[in-house]
2 protein chains.
Amino acid sequence: MSTQNPKAARVAINAAPGMTNGTTKAAPAATGAKRAVGTSRPRASLVDVATLAGVSSGTVSRALTRPDMISQATRERVLAAAQRLGYVANGAARALVMRRSMTVGALVPRFGGSSFPTMIQALESTLAAADYTLLLSAPEHSRGQGPAALAALLERGVDAVALLGAQHPPQVFAALTAHQRPFVMMWAQHSPQGVCVGFDEGEAASLLVDHLAALGHREIGFVGGRTEHNERARRRLLGLTLAIARHGIRLAPQAMLEVDYGFAQGFEAMTELLQRGLTITAVVCGNDYLATGALAALAQAGVPVPGQLSVASFNDNDFAAYLYPPLTTVRLPIREMGEQAGHYLLQRLRGAQPQHQALLPVELIVRQSTGYAPRAQE
Amino acid sequence: MSTQNPKAARVAINAAPGMTNGTTKAAPAATGAKRAVGTSRPRASLVDVATLAGVSSGTVSRALTRPDMISQATRERVLAAAQRLGYVANGAARALVMRRSMTVGALVPRFGGSSFPTMIQALESTLAAADYTLLLSAPEHSRGQGPAALAALLERGVDAVALLGAQHPPQVFAALTAHQRPFVMMWAQHSPQGVCVGFDEGEAASLLVDHLAALGHREIGFVGGRTEHNERARRRLLGLTLAIARHGIRLAPQAMLEVDYGFAQGFEAMTELLQRGLTITAVVCGNDYLATGALAALAQAGVPVPGQLSVASFNDNDFAAYLYPPLTTVRLPIREMGEQAGHYLLQRLRGAQPQHQALLPVELIVRQSTGYAPRAQE
DNA sequence: TTGTATGCGTTATCAC
DNA sequence: GTGATAACGCATACAA
């Protein structure tokens, strides 16, 4: 290979000092041999590229990251060499000296089947556009494992962190500030601990309740998620309670059920409400899954909707309303939360200190029965 | 603080050399001052802990990672010091010398609204149990951006990679082997490029078709996903075609529709099939979303299911069948794929070379109408 | 058992 | 514009 280009000879000479370095490597190389027997050399480094291009490693570094600081000629030579060796920068070394990893951590509880994926997806895509990569940590239960999971993220050198919700053990915030990592809380509002990206749960509830009140409903029920370990379910219930109180209408205690989010739970909860023989004329559901299950229960029981009982729902996934148009929903800005969280973190990482406390808009959706209903208004 | 413990005095003395180091840091410290004006010191390092504990940095390193190589007394002293400083290891430095980052990359296309989240979740949780963290990369379109996204992952030093599907540009596999990174292809079977974790699409199709054939159906339709850019949709169609051919029954070309996955698409596709006035007696749907939309269309059209038209579906999310029990489905091992992919990679990372080509089982689910149907068999 | 010294691959500070 | 060289923080081989 060195016969091909006159410069290559010079390379060989220049390589001498580097080779000294290489000889010293004998011991580590033996360690490296612990892996497969293969003839495979360790991945090319800056020095390798430099050697091949006949320049110093510093020049290679600049050619790759600050092309305009380098002469046209050498730049091309370096790029060619890098290309030929399939050079890929070692992010660990870079992170070590740069003190940043181009990595952002996301700390969210398990997200199977819920709307978190949409949010995470939006977050990832926003960050990716700025060359950041998302390190995902999804501890089993939101309580307990948070600090440990965060430690794992910090240890991996994340430059910033996105959290779900505002309620975390103090150690979480302590570690975050101790490590001086920008962070943002998604699906939350008004935390004294830092910046939140979310929406006004109270407003969302108001939209639904205003609508129901305007239709003349005076007594309504609520089938929501379990509040004990779910900050969002808690805030949702609170918002609803306040909105209802404002209208002077009634949320009967017997018409309130806390269940896990799910089709079956919605079905069973609604069945239970029907059996209780209440006088409610409307039911609000905490999310799509519950609403869908509830509507199935009503359909089976032959209860006309909204003829006899109105149903409204908070809408994470936009499918309950789709399946059952008479359902009035509030569309929650799931994707938007991920995007805004990403944008905020990126600004922080660029050194800005944006006051990003804005709440994202929610939207009431009252559909006409356009045809997708299995059995609307029967 | 140093007056509290006699040993602390010794610490101060031993600290001298360390402090020299600290003084040398003056320039870097100034660089660090580029950020906020704060009084904040850079995060504690091994040396800081060593200084505080009155031992060498090597001892601290061992005390933290190989506790059994250290005497009880010093170990406790070191741990206390680390605790007090809130020491968190610098993963970049560790990765640089260890040549591994305890990080695994996942390269999957956008996953909003599909079943990928379930799989990713399972993958993450499996890896987390072994102290690995997941670096998520979700390029916009599966084609094109793959290599760049992979490069980003490799640059960040991922120890292994999980891919979705087996069809990737050659550069992807080239880079993976060049960097000697174990990888696994999820939702795929039999790739010459490497190990797959998936299920037998043909078997899944057979389960459905066998069932339909046993019920006497001789001519069926198919509403599936778009095959052009979707490897899984393609394999699904292929499996179905083969199963149908085996039974000598007929999949009429006019009864085949390729659409995007979604409720509306399923609804419209089914509406279209009805309008075509075909003689089919059963329709297979490519996934839950399509099936749900299709069933809504049938319900609206007043077509009894399965009385007049049977519907069967591949089942990613288990909700279509839930909402509409007469729907026969094949449960696909989504979560299991994530788990197995994780386990395989972990084994590889431990140095094993498992022959992990097993296909995960699929399961035919024929439900009785247990009560969750809005209007079963009407 | 513990201390010392070296290298991991990169960026940045200096000279040239 | 380019080449040496010193960190970055950690793990480890080798001495003690």
Side-chain angles (χ1 to χ4, degrees), chain A residues 14 17-18 20-32 34 42-51 53-75 77-78 87-102 155 157, chain B residues 14 17-18 21-32 34 42-51 53-75 77-78 82 87-102 155 157:
Chain A
N14 284 355
T20 304
N21 188 10
T23 325
T24 317
K25 276 188 221 169
T31 313
K34 190 184 294 177
R43 63 196 263 186
S45 78
L46 267 192
V47 180
D48 300 322
V49 178
T51 305
V55 296
S56 78
S57 65
T59 300
V60 176
S61 174
R62 284 180 287 246
L64 261 32
T65 59
R66 286 165 166 60
D68 42 318
M69 287 181 63
I70 288 290
S71 79
Q72 168 90 13
T74 52
R75 191 194 324 150
R77 206 139 41 83
V78 168
Y87 171 76
V88 170
N90 183 325
R94 177 177 286 169
L96 185 57
V97 62
M98 299 277 285
R99 292 158 177 288
R100 62 200 173 91
S101 62
M102 299 304 281
E155 198 158 316
Chain B
N14 284 357
N21 187 10
T23 325
T24 317
K25 275 188 218 169
T31 313
K34 190 184 296 178
R43 63 195 264 186
S45 78
L46 268 192
V47 180
D48 300 322
V49 179
T51 305
V55 297
S56 78
S57 66
T59 301
V60 175
S61 174
R62 284 180 286 247
L64 262 32
T65 58
R66 286 165 166 59
D68 43 317
M69 287 181 63
I70 287 292
S71 79
Q72 168 91 13
T74 52
R75 191 196 322 151
R77 208 139 40 84
V78 168
Y87 172 75
V88 171
N90 183 325
R94 177 176 285 170
L96 185 57
V97 60
M98 299 277 285
R99 295 157 176 288
R100 61 201 173 91
S101 61
M102 299 304 282
E155 198 158 316

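Letters A, B, ... mirror the listed sequences (proteins, then strands); counts begin at 1.
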Interatomic distance where CZ belongs to R62(B) and C1' belongs to dT12(D) [whole Å]
8 Å
Protein-nucleotide distance (D48(B), atom CG; dG9(D), atom P), rounded to Å
8 Å
Hey, is the side chain of S56(B) poking within less than 4.0 Å of OP1 or OP2 on dG3(C), counting only N and O atoms?
yes
For atom CG of L96(A) and atom P of dA6(D), their distance in whole Å:
17 Å
What's the CD-P distance between E155(A) and dG9(D), to the nearest Å?
15 Å
Scanning both residues in full, the closest heavy-atom pair of R75(B) with P67(B) reads NE-O, 3.2 Å
Map S61(B) and S57(A) onto DNA chain D by nearest heavy atom, then report which one ends up closer to the 5' terminus.
S57(A)
With heavy atoms under 4.0 Å as the rule, sort A92(B) into base, sugar-phosphate or nothing.
nothing
For A89(A), report the nucleic acid contact type (base, sugar-phosphate, nothing); a contact means any heavy atom under 4.0 Å.
sugar-phosphate
Could you check which of dG9(D), dG3(C), dA12(C) has an atom nearest any side-chain atom of A93(B)?
dG9(D)
Does a side-chain N or O from T74(A) land closer than 4.0 Å to OP1 or OP2 of dT2(D), or not?
yes
Counting distance alone, no hydrogens or angles: does the base of dG9(D) have a donor or acceptor under 3.5 Å from a partner atom on the side chain of R43(B)?
no
State, to 0.1 Å, how close L96(B) and N90(A) come at their nearest heavy-atom pair, and which atoms those are.
CD1-ND2, 4.0 Å
Tell me: CZ of R66(B) to P of dT1(C), nearest whole Å?
14 Å
Compare every heavy atom of V88(A) with every heavy atom of R43(A), then report the nearest pair and how far apart it is.
NH2-O, 3.2 Å
Between dC10(D) atom P and L46(B) atom CG, what is the distance in whole Å?
4 Å
Check: V55(B) and R62(B) side chains under 4.5 Å, non-hydrogen atoms
no
Given dT2(C), dT10(C), dA11(D), the nucleotide with the shortest approach to the side chain of V97(B)
dA11(D)
Quick one: does R99(A) reach the base of dG9(D) with a side-chain donor-acceptor pair under 3.5 Å?
no
Which atom of S101(A) lies closest to which atom of A95(A), heavy atoms considered
CA-CB, 4.1 Å
Reckon S71(B) has a side-chain N or O less than 4.0 Å from the OP1 or OP2 of dT1(C)?
no
Separation of atom CG in N90(B) from atom C1' in dG9(C), rounded to whole Å
14 Å
Return the value, rounded to whole Å, for the distance between atom CZ of R100(A) and atom P of dC8(D).
18 Å
